[in-house]
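Residues take their numbers from the sequence shown, with the count starting at 1.
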Amino acid sequence: GLPITSKPHQCAFQSAAPAPSTTEELSKIPLKELRIRLVKVESGGRQTFIASEIEQKTMPLNAINIKNNAAEVIRACKGANIKSKFRESYLLPAFSVKPALSNETPTFRDKLNPPTPSIYLESKRDAFSPVLLQFCTDPKNAVTVIRGLAGSLRLNLGLFSTKSLVEANSEHAVEVRTQVQQPADENWNHSGSAQTWPCESSRSHTTIAKYAQYQASSFQESLQVDIVTMSASVGSEINSISRLTGVTSNPEQKAIGKIIKFGTNIDLSDPKRWKLQLQELLKLPAFMRVSSSANMLSHVGQTILGMNTVQLYMKVPGSRTPGHQENNNFCSVNINIGPGDCEWFAVHEHYWKAISDLCEKHGVDYLTGSWWPVLEDLYRSNIPVYRFIQRPGDLVWINAGTVHWVQAVGWCNNIAWNVGPLNAYQYQLALERFEWNEIKKVKSIVPMIHVSWNVARTIKITDPNTFKMIKHCLLQSIKHIQILRDQLVSAGKKISYQSRVKDEPAYYCNECDVEVFNLLFVTSENSSRKTYVVHCEDCAWEHSPSLSGVVVLEQYRINELMNTYDNFTLVRQTLSYTLMN
């Protein structure tokens with residue numbers, strides 16, 4: 001048969017509809033067409049044609065899934081004619097890959113102090129084994145310590161020593177946290193009368209050279225203290241800790257420990273200034289590197305300081321990194337440069353909500369506040385805590401979503417950054433936190449929708465679970481965009497296409513910090529200086545229900561997104577090893 005199109009004015013094929021009362025109403029009616037095929041039939045020895053309607057099946061929107069192609073998705077969106085905001089999750093519970101752990105049953109005390117998985121590499125080759133990647137990223141393993149990794153890979157950690165840092169860039173900025181020194185498993189309130197969760201510290205700024213001076217003089221001071229106490233015979237390790245912290249042995253009341261300064265968040269992103277340091281880190285296995293093709297953070301298309309760049313920490317004993325999960329639940333890599341040790345505490349992602357509830361109970365915000373868990377509270381809630389020492393040259397791998405807090409035992413420097421291995425567990429946890437952040441009105445440092453589209457465009461996915469999750473996220477993204485487009489068009493709002501340029505960042509709403517993908521609601525903050533502000537749909541409509549003074553920009557044509565969606569398919573398992581190396 002030969003398909004032909006029937007235009008609305010060809011009434012022979014058009015169903016009757018009530019006449020619109022005004023021209024304005026008429027302009028709102030969507031143009032319709034009825035597709036007709038002429039079918040040849042034999043009748044009494046003569047050939048004739050009859051008109052046969054071609055049905056274009058429109059599935060209901062709630063029946064659409066990742067097996068449907070983009071055209072079917074768009075058709076279902078148009079057919080659904082949704083008037084309210086599209087608020088479906090980017091995640092599908094059926095696709096969850098979280099391990100089943102239970103915190104219901106009372107647990108024996110030794111189970112609440114599980115042994116920390118510690119890997120001793122026999123050779124450099126072991127570091128590059130796919131087995132190491134599998135072990136570190138296994139959802140059941142909250143944390144892995146790779147002992148002496150720097151020695152195995154012949155990493156020159158001297159490049160990150162205080163002396164080298166001063167020589168390389170003495171005037172570089174250092175954020176300083178002023179804290180109270182106390183034992184790692186204690187956190188006393190201001191009066192020293194009770195243990196507590198809030199763990200406040202004041203912020204200031206200095207330079208590498210000045211902090212180096214402080215770090216060195218603090219060490220010299222302690223040597224003098226040690227010489228005096230050695231002559232009076234050395235007490236136990238506990239006594240030496242209480243001596244350093246000024247903590248008395250009276251269990252009723254703790255004296256306030258001495259004030260210390262922790263040099264944190266030192267940015268080593270500049271490839272010119274820190275060339276030797278960054279080059280040295282290329283000796284690491286691909287999955288641990290700051291940048292690699294299988295790392296989601298290498299597909300953001302912009303710098304996220306401390307996540308896809310290296311940060312350095314300069315410490316004296318007692319320096320604390322309070323409890324947290326990494327931004328958007330990404331994995332993290334931390335190497336102790338030495339010469340002193342660090343003590344770590346870590347809890348599996350499974351228990352994060354229980355810890356969040358404990359934070360709330362103790363009056364501190366889980367996502368944005370500063371807190372140091374009281375171990376007894378965790379044990380009472382049947383939350384197992386990994387506790388271990390990181391020595392110089394040890395690499396700590398924090399798996400996706402692991403809650404952790406760290407204290408320096410000695411004088412040391414550490415380097416750290418995040419990685420996003422492309423596996424289902426990491427992707428699921430990143431998207432979960434993305435959605436939780438939106439509920440809590442906290443900015444997601446990783447623009448997950450933007451990253452998901454970039455990954456779909458550039459990476460071949462071989463794992464079925466990862467593929468299904470990313471495909472579902474893209475499906476939800478297309479639905480959101482198409483429904484919003486239709487609403488804007490029917491409201492008579494013009495959408496202007498403005499394609500993205502190279503290195504253009506992802507956008508966030510100026511008011512609520514939610515990621516804004518593709519359809520940007522833009523207002524002019526200062527027309528003379530040509531400064532423009534991006535808003536999300538909610539904030540734009542709240543600001544101006546008619547969207548007057550708001551320009552709607554579209555960064556991708558819907559056909560581009562449809563093509564990316566349709567071309568994103570599961571690749572048969574032949575590339576898995578190349579992705580690791």
Side-chain angles (χ1 to χ4, degrees), residues 57-77 79-80 82 84-104 134 137-142 296 325 328-331 348-354 399-402 420-440 444 446 448-453 455-456 459-483 515 517 561-562 564-573 576:
K57 285 183 189 157
T58 299
M59 290 178 74
L61 192 55
N62 61 8
I64 290 284
N65 61 45
I66 60 172
K67 290 180 180 152
N68 294 101
N69 65 32
E72 290 167 331
V73 176
I74 299 294
R75 212 158 43 239
C77 289
I82 291 170
S84 57
K85 185 184 171 179
F86 178 79
R87 290 196 185 273
E88 288 177 16
S89 170
Y90 288 99
L91 285 152
L92 198 59
F95 290 166
S96 177
V97 292
K98 285 190 176 181
L101 304 175
S102 168
N103 53 353
E104 295 304 311
Q134 281 161 17
T137 56
D138 184 326
K140 289 192 288 296
N141 296 330
M296 275 189 270
Q325 287 170 295
N328 283 95
N329 284 336
F330 275 79
C331 296
H348 193 281
E349 185 276 341
H350 175 79
Y351 302 97
W352 79 266
K353 192 68 177 67
N399 207 3
T402 295
L422 259 167
N423 62 57
Y425 184 62
Q426 171 65 89
Y427 185 77
Q428 178 180 343
L429 294 191
L431 260 191
E432 278 184 1
R433 184 46 50 89
F434 177 80
E435 296 196 335
W436 182 247
N437 282 345
E438 186 175 347
I439 291 165
K440 292 290 180 184
S444 275
V446 184
M448 285 303 297
I449 309 308
H450 174 81
V451 168
S452 299
W453 281 102
V455 164
I459 296 202
K460 305 270 182 267
I461 302 289
T462 56
D463 171 60
N465 290 328
T466 313
F467 168 75
K468 283 192 290 194
M469 274 187 216
I470 298 175
K471 187 84 171 180
H472 183 75
C473 177
L474 304 186
L475 167 68
Q476 296 301 86
S477 177
I478 281 194
K479 280 157 68 173
H480 182 189
I481 290 162
Q482 186 56 44
I483 287 164
E515 182 188 350
F517 178 77
L561 297 176
M562 288 169 75
T564 302
Y565 178 82
D566 286 336
N567 292 330
F568 180 59
T569 52
L570 182 64
V571 175
R572 295 292 148 228
Q573 194 91 28
S576 57

request  = Run the numbers on M296 and F330 for side-chain contact (heavy atoms from CB on, under 4.5 Å), then give the verdict.
outcome  = CA-CA 9 Å; M296 275 189 270; F330 275 79; 4.1 Å; yes
request  = Would you check if the side chain of E88 reaches a backbone N or O of Q476 as a donor-acceptor pair within less than 3.5 Å?
outcome  = no
side-chain hydrogen bond (donor to acceptor under 3.5 Å, both in side chains) partners for K85, two or more places apart = D538
task = Classify the angle between the aromatic ring planes of W453 and F517 as parallel (below 30°), tilted (30 to 60°) or perpendicular (above 60°).
result = parallel
key: Partner residues of N423 under the side-chain hydrogen bond (donor to acceptor under 3.5 Å, both in side chains) criterion, sequence neighbours left out   = none
request  = Output yes when a side-chain donor or acceptor of N465 lies under 3.5 Å from a complementary backbone atom of A424, and no otherwise.
outcome  = no
For D138, all residues meeting side-chain contact (heavy atoms from CB on, under 4.5 Å), sequence neighbours excluded = K140, N141
key: Any donor-acceptor N/O pair, S477 side chain to C473 backbone, under 3.5 Å   = no
ask   = Judged by atom type as modelled, is there a donor-acceptor pair below 3.5 Å linking the side chain of K471 to the main-chain atoms of Y565?
value = yes
Side-chain heavy-atom pair F434, V451 within 4.5 angstrom cut-off = no
ask   = Counting distance only, does the side-chain N/O of E72 pair as donor-acceptor with the main-chain N or O of N69 below 3.5 Å?
value = yes
message = Checking the side chain of T402 only, and the main-chain atoms of A142 only, is there a donor and an acceptor separated by less than 3.5 Å?
response = yes
ask   = Among all residues two or more places apart in sequence or in another chain, which pass the salt bridge (charged side-chain N to carboxylate O under 4.0 Å, His left out) test with K468?
value = none
request  = For the pair K98 and E349, evaluate side-chain contact (heavy atoms from CB on, under 4.5 Å) and give the outcome as yes or no after the intermediate values.
outcome  = CA-CA 9 Å; K98 285 190 176 181; E349 185 276 341; 3.2 Å; yes
request  = Could you check if a side-chain atom of Y427 sits within less than 4.5 angstrom of a side-chain atom of I470, using non-hydrogen atoms only?
outcome  = yes
message = Can a donor-acceptor pair be found, under 3.5 Å and without considering hydrogens, that links the side chain of Q426 to the backbone of G420?
response = no
request  = Please check if atom NZ in K440 has more than 12 non-hydrogen atoms from other residues, nucleotides or ligands closer than 6.0 Å.
outcome  = no
inquiry  = Run the ring-ring contact (aromatic ring centres under 6.0 Å, His included) test against F467 and tell me which residues pass, sequence neighbours left out.
reply    = F568
Option passing side chain to side chain contact (heavy atoms under 4.5 Å, CB included) with L92 (candidates M469, H472, Q428) = H472
query = N68 side chain to N65 main-chain N or O, any donor-acceptor pair under 3.5 Å?
reply = yes
task = For Y90 and I449, run side-chain contact (heavy atoms from CB on, under 4.5 Å): C-alpha distance rounded to whole Å, both residues' side-chain angles, the deciding distance at 0.1 Å, then the answer.
result = CA-CA 9 Å; Y90 288 99; I449 309 308; 3.6 Å; yes
task = Just jot down the ring-ring contact (aromatic ring centres under 6.0 Å, His included) partners of W352, sequence neighbours excluded, or say none.
result = Y366, W436
